[in-house]
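FYI, side chains are in, hydrogens and waters are out, and symmetry mates aren't considered; it's all heavy atoms of this structure.
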Amino acid sequence: MGFLLVAVGVVLLLSGSWYGLFVSPQERYMGDVQRIMYVHVPTAWNALLLFTFAMGCALMSLWRGGWGWDAHHEALLEGAAVLSALLCVQGAIWARPTWGVWWDWDPRLTTTAVMFLALLGILALRSAVDDPEKRATWSAVATIIAFVDVPIVYFSVRWWNSLHQMQSSPETVSAPFIVPLRLNAFGVLALMGGLALLRARVAARRTARELGPALEPLPAGALVEAR
Amino acid sequence: MTTPLALDVQGLARRYGGRWALSGVSFSLEAGQALALVGRNGSGKSTLLRLLAAALRVHAGEARVCGADLRRDADTVRRRTALLSHAAYTWEALSARENLVFTSRLLGQDRPRERAAQRLEQVGLAARGDDPVSSFSAGMRKRLALARTLLQEAPLVMLDEPYGALDPPGFRLIDGIIRAVRVEGRSVVMATHQVERAAALCDRGLVLEQGRVAWQGPAAELPLKSGLLRGSEEGA
Amino acid sequence: MNVFFAALHKELLLQWRTRARVLSVVVFGATALLLMSFAIGPDAGSLRQYAGGFLWLALLLSSTLTLEASLEAETEQQALEGLLLLPVAPTILFYSKALANTAQLALLGTVLVPVAIVLYGAGTARPLALFGLIVLGAGGLAAPGTLYATMTARARAKQTLLPLLLFPLVVPVLIAATKASSLLILGDPMRQLSAWLTLLVAFCGIYWTLCGLMFGVIVED
Amino acid sequence: MSALLLLQVEAASPDGVVQGGWDYVVAAYAISAAVFFFYAVTVVVRLRRAKDVQ
């Protein structure tokens with residue numbers, strides 16, 4: 001399942017990128033630089049999506065328990081961290097030719113940086129706790145708290161920097177612009193989703209090893225007992 | 001007529017990470033009786049006591065503690081038990097008296113100062129009651145922790161290595177307290193290496209080995225049984 | 001309610017008994033303020049302009065020391081486990097601890113203000129508003145800070161872990177408090193202060209609720 | 001506002017269209033591809049290693 005999704009993602013990404021780079025026409029105002037958007041926007045969508053899924057797994061892991069939720073929680077956190085790091089780099093590459101600077105205190109870019117650091121913090125917490133139970137609970141709580149924080153960060157940065165509010169790129173709605181965007185969006189989703197499934201397997205195996213051979217204790221009848 | 005049970009434990013188990021510190025532990029204790037827990041270091045005595053005091057989450061099995069379900073009604077269990085643990089549970093920067101007064105207030109008791117003074121007297125710390133705990137010796141910390149445990153006036157008193165770090169007068173203090181608690185009709189569970197003392201003080205005995213019940217029976221037979229176990233291990 | 005006040009009294013008394021340590025945190029914060037002025041240079045105008053930001057950075061950096069110390073008192077002899085064994089709701093323990101930490105951070109911030117005034121010429125015409133702001137900001141740091149310190153006190157590498165978790169989270173507090181104190185120091189012609197205070201109040205409201213709910217989950221062993 | 005910002009850009013032509021910039025586009029796609037590729041490799045390597053241990 002994981003490998004299949006990865007393969008689907010690669011095909012979608014290759015075709016979407018080919019379309020975006022060579023088929024789509026030049027955008028009227030941004031010129032060729034606009035083509036960065038065909039990979040940038042899908043990355044942004046999926047970073048948020050993966051973080052949201054991680055939050056869902058965190059909630060389920062707290063509410064229901066179960067190591068499957070915890071393993072997927074870990075995998076999705078890592079995937080979201082990779083995507084948000086990539087997003088910051090892409091944002092810098094986009095900012096340079098359009099605004100003349102590598103970094104811009106745009107609310108979205110800044111929020112992404114904060115989100116990346118928060119995700120790194122949670123992953124660090126996971127690696128610093130040896131007891132699998134505590135690791136699962138604590139990191140789930142940290143994920144929920146960080147998830148609530150992201151919109152607050154976004155709004156506070158927007159207020160903080162209200163002068164820069166209007167630098168959203170010109171809307172592009174016609175089909176030649178939509179097609180590569182959609183292809184790449186589903187491509188990143190399939191690729192990172194597949195990788196998250198594989199990564200969750202790694203986490204699940206590590207937890208299984210930590211928990212020892214038997215997850216259930218021996219039945220009471222098997223013990224030496226005398227009354 | 002059946003006596004109510006202070007403890008009714010069925011297949012209790014707890015793991016730390018991947019290691020099952022306790023598994024499939026089953027026993028019962030009638031109200032008003034005293035149980036001696038014996039076993040080597042790491043055999044699971046402390047884990048069992050902390051589980052029964054609802055300090056740790058149960059990973060498998062069931063237990064009723066003083067009539068309350070340990071898994072579903074941990075708050076009631078906490079109200080009905082008092083645990084003298086390995087850790088002293090004290091705030092080092094506060095004085096012994098302050099430690100007891102705050103514990104009493106958090107328990108919602110009336111006259112906390114009076115109660116604290118009374119317990120300090122009982123464990124022989126009245127003279128040092130206003131010194132910060134950080135200046136205490138290990139034995140004095142043990143006495144303070146004992147005072148804290150007694151402050152709770154719980155129907156089930158659990159003592160983890162009560163004799164540890166104490167001097168001979170301390171030993172007699174513990175013996176006296178256990179007898180006094182039993183006179184009041186309360187139950188006692190005690191984990192200790194002092195097998196002879198435990199045999200003299202308790203009704204029931206239970207030997208733990210590697211997190212399992214290796215033997216249980218009348219406390220009077222404990223010295224023999226635990227001696228056999230220890231001997232066989234040393235031979236192996 | 002009586003139980004809550006008993007718990008709060010205990011927290012405040014603990015902090016009072018360890019006041020020598022609190023004093024060293026104050027010195028740390030003042031040193032941070034001094035060092036930051038070297039980063040700007042001896043230009044009085046810029047120093048005054050950035051005074052608000054430096055004040056909150058110094059407070060944020062010192063806050064991790066305060067939070068770690070407040071949890072150390074509970075983990076030394078596992079007093080926290082002892083507390084949980086008493087029939088006291090974990091939320092009461094959380095709110096008493098978070099409130100005591102708020103008080104301590106607010107005190108720290110208040111003490112740092114005169115230092116900032118001397119070093120940066122950052123006086124304000126509305127000292128009461130500045131004090132209120134410091135209390136709000138301290139509350140925003142203390143609620144998630146207490147929760148995270150409770151986790152990291154029992155994890156490996158706790159010294160680095162707490163700032164790693166806390167600092168990204170409190171970015172809104174830092175932004176709002178910095179902006180608001182700059183407005184108080186430099187003047188507020190556009191009447192923007194209330195917007196920033198609202199943001200702080202909202203942050204405090206959300207995290208005092210959320211962290212209170214989560215504390216019970218965290219401390220269960 | 002955005003028009004004002006665009007004026008500061010070296011690459012901007014008089015009519016406001018960003019000219020060229022293909023190197024930036026190539027860099028963005030190359031870096032994204034590299035990140036995806038290397039992350040995929042680390043995941044697969046860790047998966048293999050986890051299997052070996054079992």
Side-chain angles (χ1 to χ4, degrees), chain A residues 2-3 6 9-10 13 17 20-21 26-40 42-43 75 78-79 82-83 85-86 89-90 93-94 96-101 104 163-170 184 187-188 191-192 194-196 198-199 201-206 208-209, chain D:
Chain A
F3 284 112
V6 170
V10 169
L13 273 175
S17 302
L21 285 174
Q26 256 197 15
E27 206 270 341
R28 198 162 3 127
Y29 300 105
M30 302 309 300
D32 288 321
V33 175
Q34 165 70 17
R35 299 182 197 280
I36 294 177
M37 280 294 151
Y38 301 137
V39 66
H40 185 52
T43 308
E78 199 179 278
V82 168
L83 283 184
L86 177 60
V89 175
Q90 292 169 341
I93 295 176
W94 165 259
R96 182 68 196 168
T98 45
W99 302 319
V101 286
D104 189 84
L163 285 177
H164 288 241
Q165 254 181 47
M166 291 141 70
Q167 31 176 251
S168 58
S169 58
N184 275 350
V188 176
L191 176 67
M192 293 307 285
L195 287 176
L198 297 178
R199 178 66 182 77
R201 261 195 254 167
V202 177
R205 282 192 187 136
R206 190 209 51 226
R209 203 168 55 237
Chain D
M1 200 69 216
S2 51
L4 224 164
L5 279 167
L6 281 176
L7 283 180
Q8 303 169 343
V9 177
E10 320 135 49
S13 69
D15 59 347
V17 178
V18 178
Q19 296 293 311
W22 267 103
D23 12 353
Y24 291 108
V25 176
V26 169
Y29 277 80
I31 288 173
S32 306
V35 167
F36 287 138
F37 177 73
F38 282 110
Y39 182 59
V41 167
T42 63
V43 168
V44 171
V45 165
R46 279 183 284 177
L47 189 63
R48 291 267 174 276
R49 207 172 286 159
K51 256 182 198 150
D52 289 344
V53 174
Q54 269 200 336

(request) Report the distance from atom CZ of A:R206 to atom CZ of D:R46, rounding to the nearest 0.5 Å. (result) 10.0 Å
(request) Between chain D and each of A:H40, A:M192, A:E78, count heavy-atom pairs under 4.5 Å; write down the option with the most. (result) A:E78
(message) With heavy-atom distances below 4.5 Å as the criterion, would you say the side chains of D:F36 and A:V188 are in contact?
(response) yes
(request) Could you tell me the separation between the OG atom of D:S32 and the CD1 atom of A:I93, rounded to the nearest 0.5 Å? (result) 7.0 Å
(request) Report the option among A:V82, A:L21, A:V39 that has the most heavy-atom pairs separated by less than 4.5 Å from atoms of chain D. (result) A:L21
(message) Between D:T42, D:V44, D:I31, who has the most heavy-atom pairs with chain A when the cutoff is under 4.5 Å?
(response) D:I31
(message) For chain D, which candidate among A:L86, A:V10, A:T43 shows the most heavy-atom pairs at distances under 4.5 Å?
(response) A:L86
(message) What part of A:L198 gets within 4.5 angstrom of chain D, counting heavy atoms only: side chain, backbone, both, or neither?
(response) both
(request) Not counting sequence neighbours, which residues clear side chain to side chain donor-acceptor pair (under 3.5 Å) with D:Y24? List them please. (result) none
(message) Can you tell me how far apart CZ (D:F37) and CG (A:L191) are? Round to the nearest 0.5 Å.
(response) 11.5 Å
(request) Let me know if A:L83 has heavy atoms under 4.5 Å from chain D in its side chain, its backbone, both or neither. (result) side chain
(request) For side chain to side chain contact (heavy atoms under 4.5 Å, CB included), just list the numbers for A:R205 and D:L47, CA-CA rounded to whole Å, side-chain angles, deciding distance to a tenth of an Å, and then say yes or no. (result) CA-CA 9 Å; A:R205 282 192 187 136; D:L47 189 63; 3.6 Å; yes
(request) Pick one of side chain, backbone, both or neither for D:V26, based on which atoms fall under 4.5 Å of a heavy atom in chain A. (result) neither
(message) According to side chain to side chain donor-acceptor pair (under 3.5 Å), who are the partners of A:R201, at least two apart in sequence or on a separate chain?
(response) none
